[in-house]
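As structure tokens, the structure follows; a few thoughts come after it.
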Amino acid sequence: GGAEDAAWFLAARDAAAARLLAKGIPQWEPGELTLESLRGRAARGELVVVRRGATRLSEDLGAGSASRDAQLVGGATVEVGGEPMREMWGDLGAEPGDASVGYLGSLVASERGSGSAVLGACLVELARSGVRTVRLDCYAGNTFLRKFYADNGFTFVGDVPEQDYMVSRFERVLSPLPPMTGSDSSTSPASVANDTDAQSSC
């Protein structure tokens, strides 16, 4: 359920933060997110988890399509018209409460080579919720991640300062998808088949 998903995501995110710091990339710090906050996000539908299931990821795949006991391979936090957007995106016309614009954060992929599939699954969930523009950011010095987002259809829209370093901002326009029905999950589980064929059509 949502509590177990939140605990898995927290552990995966902290492990990723430690790896980034070891490489001199200060974007995340272990322990800066709490289990309580992630459980709250899960309850509000602001935590997307991605599972490895038997279903090929496509435009018809969405929440509830993967078995709850399928292997968790990644996820992200999402905000729609939330505080991160007002702070970082105000100069680009982000309006508080605009449900057509979503902010994707803390993207985690636990398996090497699965990043595009995990990102694609998260984009499907956002498109199904009515989001049309997805925005995200990363440490400006992380050239690998900047290229990763560009290769996955995101457009660079400028750098802004955060604390004592610069952050690169990206955005992507999504194609509309119909909402899923019949899901009773507090988080939004999507499914990936494997690293080579699991791609989003958004």
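Hydrogens, waters and symmetry mates play no part in the numbers below; they use all other heavy atoms, side chains included.
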**Message:** Once you measure the plane-to-plane angle for Tyr149 and Phe170, does it fall in the parallel (<30°), tilted (30-60°) or perpendicular (>60°) bin?
**Reply:** tilted
**Request:** Report yes if some heavy atom in the side chain of Val157 is under 4.5 Å from a heavy atom in the side chain of Glu171; otherwise report no.
**Result:** yes
**Item:** salt bridge (charged side-chain N to carboxylate O under 4.0 Å, His left out) between Arg146 and Asp159, worked out
**Value:** CA-CA 11 Å; Arg146 287 167 58 103; Asp159 291 337; 3.7 Å; yes
**Prompt:** Listed by chain and number, what are the side chain to side chain donor-acceptor pair (under 3.5 Å) partners of Asp164, not counting sequence neighbours?
**Reply:** none
**Asked** Between Thr133 (side chain) and Val101 (backbone), is there a donor-acceptor pair under 3.5 Å?
**Response** no
**Fill in**
What one should report as the nearest heavy-atom pair of Cys122 and Val50 is SG-CG2, 4.2 Å
**Arg39 with Glu4: basic N within carboxylate O range, under 4.0 Å** = no
**Message:** Could you check whether any side-chain N or O of Ser114 sits under 3.5 Å from a backbone N or O of Ala117, counting only pairs where one atom can act as donor and the other as acceptor?
**Reply:** no
**Request:** For Arg13 and Glu32, run salt bridge (charged side-chain N to carboxylate O under 4.0 Å, His left out): C-alpha distance rounded to whole Å, both residues' side-chain angles, the deciding distance at 0.1 Å, then the answer.
**Result:** CA-CA 10 Å; Arg13 207 265 194 182; Glu32 65 184 344; 2.7 Å; yes
**Item:** With Leu119, the side-chain contact (heavy atoms from CB on, under 4.5 Å) member among Leu107, Val124, Val134
**Value:** Leu107
**Fill in**
Here the gap from Ser168 atom OG to Gln27 atom CD, rounded to the nearest 0.5 Å, amounts to 9.0 Å
**Request:** Mind running side chain to side chain contact (heavy atoms under 4.5 Å, CB included) on Tyr139 and Leu145 for me, showing each step along the way?
**Result:** CA-CA 8 Å; Tyr139 172 58; Leu145 198 52; over 6 Å; no
**Prompt:** Just by modelled atom types, is the Leu47 backbone N or O under 3.5 Å from a matching donor or acceptor in the Thr77 side chain?
**Reply:** no
**Message:** Tell me which one of Leu38, Leu35, Asp14 satisfies side-chain contact (heavy atoms from CB on, under 4.5 Å) with Phe9.
**Reply:** Leu38
**Asked** Run the side-chain hydrogen bond (donor to acceptor under 3.5 Å, both in side chains) check on Arg132 and Ser100 step by step: do they pass?
**Response** CA-CA 5 Å; Arg132 293 295 168 261; Ser100 70; over 6 Å; no
**Request:** Would you check if the side chain of Glu162 reaches a backbone N or O of Val167 as a donor-acceptor pair within less than 3.5 Å?
**Result:** no
**Ion pair check, Asp5 and Arg51, cut-off under 4.0 Å** = yes
**Request:** Quick one: pull up CE in Met166 and SG in Cys138 and give me the separation to the nearest 0.5 Å.
**Result:** 12.0 Å
**Complete:** Rounded to the nearest 0.5 Å, the CZ atom of Phe154 sits from the CZ atom of Arg135 at a distance of 11.5 Å
